[in-house]
Every structure is written in structure tokens, then in C-alpha cells.
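Remarks on the structure that follows.
Values reported hereafter were calculated over all heavy atoms of this structure, with side chains retained and with hydrogens, waters and symmetry mates removed. Nothing fancy with the numbering, it's 1 onward along the sequence.
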Amino acid sequence: MPLKIAVIVGSLRADSFNRRLAKAMVALPEAQGHSFTFADIGALPLYNQDQDDDQPQAVRDLKMLVTESDGVIFATPEYNRSIPGVLKNAIDHGSRPPGHSCWKGKPAGVIGTSPGKLGTAAAQQHLRNVLAVLDMPTLGLPEAYLQWSDDLLTAQGQFAQATAGFAGKWMKAFLGYVALHAGKG
């Protein structure tokens, strides 16, 4: 059964490594037959509790996308050993006001890439802590801490042969996890 997946990239740069990673992930053969929609977190204002009763349209759009999705992929860079502020801002918006979180119960997958040898390990651990308090069941294994290099993806934006198998294994595991939690497996 086809799944609807929201994709949230924790970087605003149009050609960021993690945006490129996320696009390659959703183009994998294992992802075919499912729909993936990228959220526009750059349109979100800074979270302000004064707006909880009348959330801006960009916030309502994010919450609708997540609510209508079966699961969420987070592709996060690592900034100063944690998640980027823009990603935390999106998460905060989606969790407010209290009792109206779009995240609750949504299965999640966490991936990321950076030029450093540890990939995005610290950022992913911080993000997993945040997702736990939001009651988002999160795929544990396989973990995907990818070290960015110019040969990770082909010129066409697909995974190079050396990484395609691992990426496909992650996507297959994630989609199976979402199907299980969404009652579609």
C-alpha cells in the first residue's frame, strides 16, 4: 500500500548536502510507489507563543503536511554538535499549542550527512531525544551517518554504486517501519 511521507530538511540552503541526500533517498528504487513531499521550513517565522491561537499560514501548512502523512523523514546537518535552529523551530511550531501536536505518533526516520568523519551523529542523537518527547516512534536501525564527499552522489543526483545498497536498505527498513506503525503493513 502506498505511503505518504513528509520530508523535512534541516538546512535552508537550496543545494545543501542534506537536501541533496534527501532527494537521492526518495529517488531510490525502494522508494518508488510512495509519495514524498518536502516541507518548506524556511517560510516559518520564529516560534512565538503569542501566535498559538492564530498560527501563521506557513505553520498551518507544515502541520497539515505532517498530519496527512504516514511518516516523516528528517535529513539533518550538524551545527555545533546539535540540530540546526531552523529545524528546532519547525519542530516547536508543529508541537504547539499544547495538545495539538502534529508529530504525536508519527513514525520518523533520521538521516544526515556532513563532511566530518562522524557524519551527523551528535545532531541525530539530539534530534532523537526531541522526537522521543514528541511521542514519535523513530527507526533505530539501520542508522545513517554519512560522511559527505563529492562522490557520494552521481552528477544526476543518485547514489553512487558504493552507497546505493546501504541507502536502499535504510529506505526499505524505514518504509516497513512506517507501514507497521500506520497499520498498512
Side-chain angles (χ1 to χ4, degrees), residues 1-11 15-39 41 62 65-78 83 87 90-91 94 102-132 134-185:
M1 180 171 279
L3 297 170
K4 292 174 64 176
I5 307 296
V7 181
I8 300 179
V9 178
S11 174
D15 199 33
S16 76
F17 297 149
N18 283 280
R19 184 167 311 282
R20 291 166 64 186
L21 171 67
K23 287 180 178 180
M25 293 297 290
V26 305
L28 286 165
E30 292 81 358
Q32 300 311 300
H34 303 284
S35 71
F36 298 85
T37 304
F38 284 72
I41 65 172
L62 171 68
L65 171 63
V66 173
T67 299
E68 293 177 349
S69 296
D70 297 307
V72 182
I73 292 175
F74 292 93
T76 185
E78 183 168 303
I83 61 175
L87 178 55
I91 291 168
C102 65
W103 309 115
K104 185 175 177 59
K106 293 290 177 180
V110 179
I111 60 174
T113 185
S114 77
K117 290 188 184 279
L118 297 178
T120 56
Q124 287 191 39
Q125 186 56 53
H126 287 188
L127 180 54
R128 288 173 185 279
N129 290 341
V130 172
L131 300 181
L134 295 173
D135 195 22
M136 292 185 80
T138 305
L139 178 68
L141 294 174
E143 295 176 310
Y145 312 118
L146 300 171
Q147 183 178 12
W148 179 265
S149 66
D150 289 337
D151 60 354
L152 181 67
L153 303 178
T154 66
Q156 294 76 33
Q158 298 175 330
F159 282 102
Q161 186 174 358
T163 311
F166 171 76
K169 178 181 172 184
W170 186 93
M171 182 59 78
K172 183 177 178 183
F174 170 70
L175 292 170
Y177 190 77
V178 172
L180 177 69
H181 284 273
K184 295 183 176 184

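For the pair D70 (side chain) and I5 (backbone), a donor-acceptor distance under 3.5 Å is absent. Within the 3.5 Å criterion, the main-chain N or O of M171 finds no donor-acceptor partner in the side chain of E30. With hydrogens and angles ignored, the 3.5 Å screen pairs no side-chain donor or acceptor of S114 with any backbone N or O of P77. Judged purely by atom type and a 3.5 angstrom limit, N18 has no side-chain atom pairing as donor or acceptor with the backbone of G10. At least one donor-acceptor pair under 3.5 Å links the side chain of H34 to the backbone N or O of L3. Without hydrogens or angle criteria, Q147 side chain to P115 main chain gives a donor-acceptor distance under 3.5 Å. Remark: side-chain polar atoms of S11 are not paired, donor with acceptor, to backbone N or O of V9 under 3.5 angstrom. Under a 3.5 Å cut-off, the side chain of E78 and the backbone N or O of I83 do not form any donor-acceptor pair.
Looking at every heavy atom in both residues, L131 comes nearest to A108 through CD1-CB, 4.0 Å. Summarising the geometry of T76 relative to A123, their closest heavy-atom pair is CG2-CB, 4.4 Å, with the distance given to 0.1 Å. Residues C102 and T67 come closest through the heavy atom pair CB-OG1, 3.7 Å. Across all non-hydrogen atoms, the minimal contact from A22 to V7 is CB-CG1, 3.9 Å. Across all their heavy atoms, F159 and L153 have their closest contact at CD2-CD2, 3.7 Å. When all heavy atoms are compared, the tightest approach of F166 to P142 is CE1-CB, 4.3 Å.
Residues L127 and L87 meet the side-chain proximity criterion, which asks for heavy atoms closer than 4.5 Å. Within the 4.5 Å cutoff, the side chain of H126 has no heavy atoms near those of the V130 side chain. Looking at F17 and L152, their side chains never come closer than 4.5 Å, going by heavy atoms from C-beta outward.
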Q | Residue pair L146, L21: steps toward the side chain to side chain contact (heavy atoms under 4.5 Å, CB included) verdict | A | CA-CA 9 Å; L146 300 171; L21 171 67; 3.6 Å; yes
Q | Stepwise side chain to side chain contact (heavy atoms under 4.5 Å, CB included) test for S69 and T37 | A | CA-CA 9 Å; S69 296; T37 304; 6.0 Å; no
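Legend: salt bridge (charged side-chain N to carboxylate O under 4.0 Å, His left out) pairs involving residues 17-28, not counting sequence neighbours, sorted by first then second residue: D15-R20. Pairs passing the salt bridge (charged side-chain N to carboxylate O under 4.0 Å, His left out) check and including a residue from residues 104-131, sequence neighbours excluded, read K104-D135. Among residue pairs with one or both ends in residues 149-173, none qualify as salt bridge (charged side-chain N to carboxylate O under 4.0 Å, His left out); sequence neighbours excluded.
Atom CD of Q32 sits in a crowded spot, with more than 12 heavy atoms from other residues, nucleotides or ligands closer than 6.0 Å.
To the nearest 0.5 Å, atom CG of residue L134 and atom CG of residue N129 are 11.0 Å apart.
For an aromatic pair to be called close, the ring centres must be under 6.0 Å apart, and F174 with W170 satisfies this.
Between W103 and F74, the ring planes are tilted. Angles from 30° to 60° get that label.
In this structure, a donor-acceptor pair under 3.5 Å is present between the side chains of T120 and Q124.
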